[in-house]
Student: 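Take this structure, written in structure tokens, and hold onto it; I'll ask about it next.
When a ligand or atom number is given, it counts from 1 through the structure's own listing order. Just the heavy atoms: all of them, side chains too, but no hydrogens, waters or symmetry mates, feed the values below.
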Amino acid sequence: MTVIHVALDVPVNRLFDYLAPNADSADIGRCVRVPFGNRQLSGIILSVSNLPSVPERKLKTAGLIDQAIPPLPQSLLELFEFCSHYYHHPIGQVVMNGLPALLRKPGYTTSRIPKQIQEWILTDAGRIITLSDIPARSKTKRQLFSLLLENGIITADIYKAMSPHSRKLLHEFKDLGWVEQRTALPGKFAFSTVPTLAPTTEQAHAIAEILARIGTFTPWLLHGITGSGKTEVYLQVAASLLAQQKQILVLVPEINLTPQLEATFRKRFPNTPLVSLHSGLNSSERLQGWLQAQCGEANIILGTRLAIFTPMPRPGLIIVDEEQDHSFKQQDGLRYSARDLAVYRARQANIPIVLGSATPSLESYHQARIGRYRLLQLHARAISQAVLPAIHCIDMRVTPAQERLSEPILDALRQSLDQKQQSLVFINRRGYSPALLCKSCRWIATCKRCSSRLVVHLRNRQLRCHYCGDQQPITPACPQCGDPDIMPFGHGTQRIESALIKQFPNARILRVDRDSIRHKTAWQTMLDTIHQGKVDILVGTQLLAKGHDFPNLALVCVLNADSSLYSTDFRAEEHLFSQLMQVAGRAGRAHIPGTVLIQTEFPQHPLYLALIRQDYAAYAQTQLKERKSASFPPFVYLAVLRAEAPVLAEALEFLHQTAVIATIAKEYAHIQLFDPVPATMTRLKGLERAQLLIQAVSRKCLQIFLSDWHQRITALPARSKLRWHLDVDPLTL
Ligand SMILES: Nc1ncnc2c1ncn2[C@@H]1O[C@H](COP(=O)(O)OP(=O)(O)OP(=O)(O)O)[C@@H](O)[C@H]1O
Ligand SMILES: [Zn+2]
């Protein structure tokens, strides 16, 4: 009896067993259709055995095993298992989350997979067969087998040329266990690269160091200031590996950063097959790209966090650009960190990984300081004339401003216009204004489903919740006291845009935020407009803050940075510092010296002082010291158990109950459990949320505890309408 153990997209952490008389170990990693309840589901075979976990009579028979797609490599299956274990998420959901959705559609893939070359290899059992075991009259059979004995392998073009019956004969050999069929990796492509830039001394050093250790697991932290040419380091290291026919995985935080990086790689390596994988693709594009990577046809794989699950038969290098970025962590479902998984994959494949940033995460920086990662630094901008911009704070307590734009900023913008240079006005809030307020009774428009204020979108006269997406027309009068004098309070990108249009009626102003790039082609059009110099003033959110290289941009103005200075989130400062360094780094990247003006009411705050000096290292060291004394990561390890229910008391009560059962879980003595508290954003999409923080001094203790505790929580009687999840290494609390 042969049983396959299948991962299915269901919220239970186990595999499902099916009878599959014809299956064997070569089917591990293949897609299979199986009956489940009264449905048919697609799943992935994770193992094959003759030991069912339920009595045989209860087993159903599996449907078709998809032979068209090469099975998922063992390394990817191991990654899924690690993920399921580490993030305490059902294995089937982990596997199916990592695969293109269309793979689950029956029969869909067969017609669409890239052309593959089939080859047959001799098995150990086949090797001990001699020609005399094959009857002399079966001439072709002997001929075929002697070729196999000679070479150990036979490819399609050869066996096809031999006889029209070879394929049938090879299948006979397979049934006897003498040979195995596999998908050949495609033939070599002609590698070429266009002339590279002559690297700076620092770049050359970084490239040489990384290349000296290819073929071994080496985690590198490439800490290079903004504009130092980290991309060039990636490209030149990649060139070396591509020349050896290796595959390269490049992860970027934002889907919006993929087109330009893709263009850069394509331009440098014009013949190298490249696929780009991100959430902007439709499902068949995604499947195509994924299959090309999986079959080894694509040598450069570029993508956002989900791309970390791309199978690669010949991995050579992983690059994580802007490694500090929070979007590498998935915030729902399987809450994985693509950056951390990238390090896992590099170790697994025994290859180097380069984590690049101008402002590394404190976690990675700490790893580099204690020697777990190797640190490479680029201290100077790559273009020799380019220097870091001068940063100044504008003390808003004493400076007059109109519509949130202070006089020094208006002056600087005017000057920039006169000199025909580009400017960026950075305000991290989209919409017209973040609140609608009644002047007489102080009523504020709030979302009914979330603990949030509704944002005014004046253009379509709407109030929108940026958390749940709810929208409604702007009320003509205050619903509480009837006063018609209600007004937008505070500033968002749209309002600043209007104010700038008033101030500079002749300037070409472009707003770039999530609302303005909603249309599929809008983003590319905007980038082109900026690069062609058809814009004078950009008004934008963090979409423009990182990664971009606009050579004509000389002035950056930051309007509302203070809002995250005194947040309760222990990572808020780190995040703000990094964001401001990034946005400041957009200025003066080429031949024009840059200036950065920051409006603040706290010009003496250590964060701004460090920012003016642009001294990441000093700032990071102070932050790390604070983290250490306050027992925060990277000095401790955290997990959060979150619960949501229609009523807050229910969520809290559930968490209390889990806290009680925690005391009997393994390793509890080494764990600190905090009291359950309402979440910072208590109400979201109509549900009340609470959380319980778990802290441990070692990852190992935390994991042992979580595994046991998680099982115990799962075993609790289910409560209707209460949902919970565990977030390991949470980014926000
Ligand atoms: N060796 C070099 N010689 C000349 N120009 C270079 C060299 N290396 C990089 N550049 C140029 O320097 C500019 C900045 O490079 P790049 O965008 O890679 O910086 P970065 O380190 O990624 O910065 P950021 O962190 O701000 O994104 C680009 O215009 C790039 O073409
Ligand atoms: Zn809402």
Student: Has the side chain of Glu323 got a donor or acceptor atom that lies under 3.5 Å from a matching backbone atom of Ser361?
Tutor: yes

Student: Do Tyr616 and Tyr365 have their ring centres less than 6.0 Å from each other?
Tutor: yes

Student: Does Ala198 approach ligand 1 within less than 4.0 angstrom via side chain, backbone, both or neither, non-hydrogen atoms only?
Tutor: backbone

Student: With side chain to side chain contact (heavy atoms under 4.5 Å, CB included) as the test, pick out the partner of Val320 among Val343, Leu251, Leu222.
Tutor: Leu251

Student: Among all protein non-hydrogen atoms, which one is nearest to atom 18 (O) of ligand 1, and what is the separation to 0.1 Å?
Tutor: Thr231 OG1, 2.6 Å

Student: Short of 2.8 Å from the Zn ion (ligand 2), name each protein N/O/S atom, waters not counted.
Tutor: Cys447 SG, Cys450 SG, Cys465 SG, Cys468 SG

Student: What protein heavy atom sits nearest atom 23 (O) of ligand 1, and how far off is it?
Tutor: Gly227 N, 2.8 Å

Student: For the residue pair Tyr608 and His605, categorise the inter-ring angle as parallel (less than 30°), tilted (30 to 60°) or perpendicular (more than 60°).
Tutor: perpendicular

Student: Centroid-to-centroid, His548 to His531, below 6.0 Å?
Tutor: no

Student: Heavy-atom distance to atom 27 (O) of ligand 1: which of Arg589, His548, Gln582, Glu202 wins?
Tutor: Arg589

Student: How far is atom 11 (C) of ligand 1 from its nearest protein heavy atom, and which residue and atom is that?
Tutor: Ile383 CG1, 3.8 Å

Student: Let me see the working for Glu573 and Gln623 under side-chain hydrogen bond (donor to acceptor under 3.5 Å, both in side chains), right down to the final yes or no.
Tutor: CA-CA 9 Å; Glu573 260 205 37; Gln623 285 285 306; 3.1 Å; yes

Student: Does Ile351 reach the side chain of Lys246, with side-chain heavy atoms less than 4.5 Å apart?
Tutor: no

Student: For the pair Thr226 and Arg381, evaluate side-chain hydrogen bond (donor to acceptor under 3.5 Å, both in side chains) and give the outcome as yes or no after the intermediate values.
Tutor: CA-CA 7 Å; Thr226 53; Arg381 284 200 156 169; 3.0 Å; yes

Student: Is it the side chain, the backbone, both or neither of Pro199 that has a heavy atom closer than 4.0 Å to ligand 1?
Tutor: backbone

Student: Considering Glu322, Gln203, Gln236, Lys230, which one's heavy-atom position lies nearest to atom 21 (O) of ligand 1?
Tutor: Lys230

Student: If a pair satisfies salt bridge (Lys or Arg N to Asp or Glu O under 4.0 Å) and one of its residues is in residues 574-597, list it, with sequence neighbours excluded.
Tutor: Asp549-Arg589, Glu574-Arg627

Student: To which protein heavy atom is atom 31 (O) of ligand 1 closest, and what is the distance rounded to 0.1 Å?
Tutor: Leu197 CD1, 4.2 Å

Student: Of the protein's non-hydrogen atoms, which lies at the shortest distance from atom 30 (C) of ligand 1, and what is that distance?
Tutor: Asp549 OD2, 4.4 Å

Student: What are the atoms of ligand 1, with element, lying closer than 4.0 Å to any heavy atom of Thr200?
Tutor: 1 (N)

Student: Among side-chain atoms of Gln377 and His223, is any donor-acceptor pair under 3.5 angstrom?
Tutor: yes

Student: Short list, please: which atoms of ligand 1 are under 4.0 Å from a heavy atom of Arg586?
Tutor: 24 (P), 26 (O), 27 (O)

Student: Quick test: of every protein heavy atom, which one is nearest to atom 10 (N) of ligand 1, and how far off is it to 0.1 Å?
Tutor: Ala382 CB, 3.5 Å

Student: So which protein heavy atom does atom 15 (O) of ligand 1 come closest to, and at what separation?
Tutor: Gly229 CA, 3.5 Å

Student: Above 12 or not: heavy atoms from other molecules or residues under 6.0 Å from CZ of Arg723?
Tutor: no

Student: Say whether Gly585, considering both its backbone and side-chain N or O atoms, lies within less than 3.5 Å of an N or O atom on ligand 1.
Tutor: no

Student: List the steps, then state whether salt bridge (charged side-chain N to carboxylate O under 4.0 Å, His left out) holds for Glu254 with Arg305.
Tutor: CA-CA 9 Å; Glu254 291 246 10; Arg305 63 169 180 260; over 6 Å; no

Student: Do Asp513 and Thr493 have a side chain donor and acceptor closer than 3.5 Å?
Tutor: yes

